[in-house]
Protein chains: 2
Amino acid sequence: MDAIDRKIIAALRDNGRATYAELGRHIGLSASSVHERVAKLEAAGVITGYHAVVDPRAVGLDVTALVGVQPSDTASDDAVADALAELEEVESCYAVAGDDAFVVKVRVPTMDDLELALGRLRRIPGVSRTHTTVVLSTRFEGRPNNTALAGGGTNGT
Amino acid sequence: MDAIDRKIIAALRDNGRATYAELGRHIGLSASSVHERVAKLEAAGVITGYHAVVDPRAVGLDVTALVGVQPSDTASDDAVADALAELEEVESCYAVAGDDAFVVKVRVPTMDDLELALGRLRRIPGVSRTHTTVVLSTRFEGRPNNTALAGGGTNGT
DNA sequence: CCTGAAATGTACCGCCG
DNA sequence: CGGCGGTACATTTCAGG
């Protein structure tokens, strides 16, 4: 993982559909070399996938909420996390330090759906309490973070 | 925005580098038709971009935290949001209802860097208080949510 | 890491239902 | 209007050096 890999990663994070030829031109490498490096980055698990990003509101997901989930002592965290993963409305799930065991991001079409989703959350065996923070607006999200990339990386290999 | 568009969106969210030919085969449409539909979805702002997803730990971002930010009364929320956007460590920023005005997701290499980042956060003019929740593990993140896609769409046009 | 060449895919055209 | 086929062009994806 050298400076060229970091450039490739930055470029692909910016435009996941960039062609290898395009990347090569931008970096000063042949398309085949870029292809080979990308394949290695994928195989090494550095690049985990490519995804189209869809405007949530354009597909009717107008309500976002961050929900703290507090399990009762009787349930294992893993079991609760698995149950959370079953709920389609739960987009992300973090195990956290602090008052709650998990914080999840929920996205639903309407407030009514949020109420339904929270009901489903609370019906999960072992969930004793939820603490909901409604998102009023998303200022920015999933922005590239090159702190480590620029700083010269760790050695994954 | 019909059922075919929704299939295309779902497929591209799953694999953002899928070729038009591939999408066409999977859906039962010619590559040119898929190309035209995707172009329209991009122009309409439904698909906002394509991005490679990088394993944060593979690039040395080992620490994640959710930070509630409480501005003082003297600063406008927009000014604070702009200042938050200046910090590279801040990956996402949500304006929220509740005790805090914003919740931001911060990613940094180490705990020391988290301390530094929180210091920078608090030095933003108008930020009076921060409340940090350290993420112990990311169970899943940015998962597709087809609640609305499946449920029949809104009319963006 | 590059060159070269065959297979594949894209992008744009007019045409059709 | 949306979908289809065809074609020149670009890209991918091998081989080998």
Side-chain angles (χ1 to χ4, degrees), chain A residues 1-55 57-60 144 146 148-150 152-157, chain B residues 1-55 58-60 144 146 148-157:
Chain A
M1 159 94 75
D2 58 1
I4 296 178
D5 282 332
R6 287 193 280 271
K7 281 188 186 178
I8 292 175
I9 289 172
L12 279 176
R13 194 154 41 177
D14 185 55
N15 175 15
R17 277 182 89 82
T19 66
Y20 298 127
E22 204 173 342
L23 293 169
R25 281 192 294 270
H26 189 265
I27 290 168
L29 225 63
S30 72
S32 33
S33 299
V34 174
H35 182 52
E36 186 182 340
R37 278 175 178 268
V38 171
K40 281 183 186 171
L41 288 169
E42 290 170 358
V46 177
I47 296 176
T48 61
Y50 305 88
H51 303 283
V53 174
V54 174
D55 178 8
R57 299 178 56 177
V59 297
N146 295 324
L149 283 179
T154 47
N155 233 335
T157 327
Chain B
M1 158 96 73
D2 59 1
I4 296 178
D5 282 332
R6 287 192 280 272
K7 280 188 186 179
I8 292 175
I9 289 172
L12 279 175
R13 194 153 41 176
D14 186 52
N15 175 16
R17 278 182 88 82
T19 66
Y20 299 126
E22 206 173 342
L23 292 169
R25 281 192 293 269
H26 189 263
I27 289 168
L29 225 63
S30 72
S32 31
S33 300
V34 173
H35 181 53
E36 187 183 340
R37 279 176 177 267
V38 171
K40 283 183 185 173
L41 288 170
E42 290 171 357
V46 177
I47 296 177
T48 60
Y50 305 87
H51 303 283
V53 175
V54 173
D55 178 7
V59 297
N146 295 323
L149 284 178
T154 45
N155 233 338
T157 327

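Residue numbers start from 1 in every chain, and the chains themselves are labelled A, B, ... in the order their sequence lines are given, proteins ahead of strands.
Legend: residues meeting side chain to side chain contact (heavy atoms under 4.5 Å, CB included) with A:Val53, ordered by chain and number and at least two apart, are B:Thr48, B:His51. For A:Asn15, the side chain to side chain contact (heavy atoms under 4.5 Å, CB included) test picks out A:Arg17, A:Ala18, with sequence neighbours left out. Every residue meeting the side chain to side chain contact (heavy atoms under 4.5 Å, CB included) condition with B:Ser32, not counting sequence neighbours, appears here in chain and number order: B:Ser30. Scored by the side chain to side chain contact (heavy atoms under 4.5 Å, CB included) test, B:Ile27 finds B:Ile4, B:Lys7, B:Ile8 as partners (sequence neighbours excluded). With sequence neighbours excluded, the residues satisfying side chain to side chain donor-acceptor pair (under 3.5 Å) with B:Tyr50 are B:Glu42. When the salt bridge (Lys or Arg N to Asp or Glu O under 4.0 Å) test is applied to A:Glu36, the partners found at least two apart in sequence or on another chain are A:Lys40.
Two end axes, each from the C1' atoms of five base pairs, can be drawn for the helix from C:dC1-D:dG17 to C:dG17-D:dC1; they diverge by 40°, to 10 degrees.
To the nearest 0.5 Å, atom CZ of residue A:Arg13 and atom CG of residue A:Asn146 are 5.0 Å apart.
Contacts between chain B and DNA chain D, taken as any atom within less than 4.0 angstrom of a protein heavy atom, begin and end at D:dG2 to D:dG5.
Residues A:Gly45 and B:Ala58 share a closest heavy-atom pair of O-CB, 4.5 Å. Scanning all heavy atoms of the two residues, the minimum distance from A:Gly24 to A:Val34 falls at CA-CG2, 3.6 Å.
The salt bridge (charged side-chain N to carboxylate O under 4.0 Å, His left out) pairs that include a residue from residues 22-31 of chain B number zero, where partners must be two or more places apart or lie in different chains.
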Can you give one letter per nucleotide of nucleotides 10-17 of chain C, 5' to 3': B if a protein heavy atom sits under 4.0 Å from the base, S if only from the sugar-phosphate, - if neither?
SSB-----
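Mapped onto DNA chain C by nearest heavy atom, B:Arg25 and A:Ile4 fall at different nucleotides, with A:Ile4 at the one closer to the 5' end.
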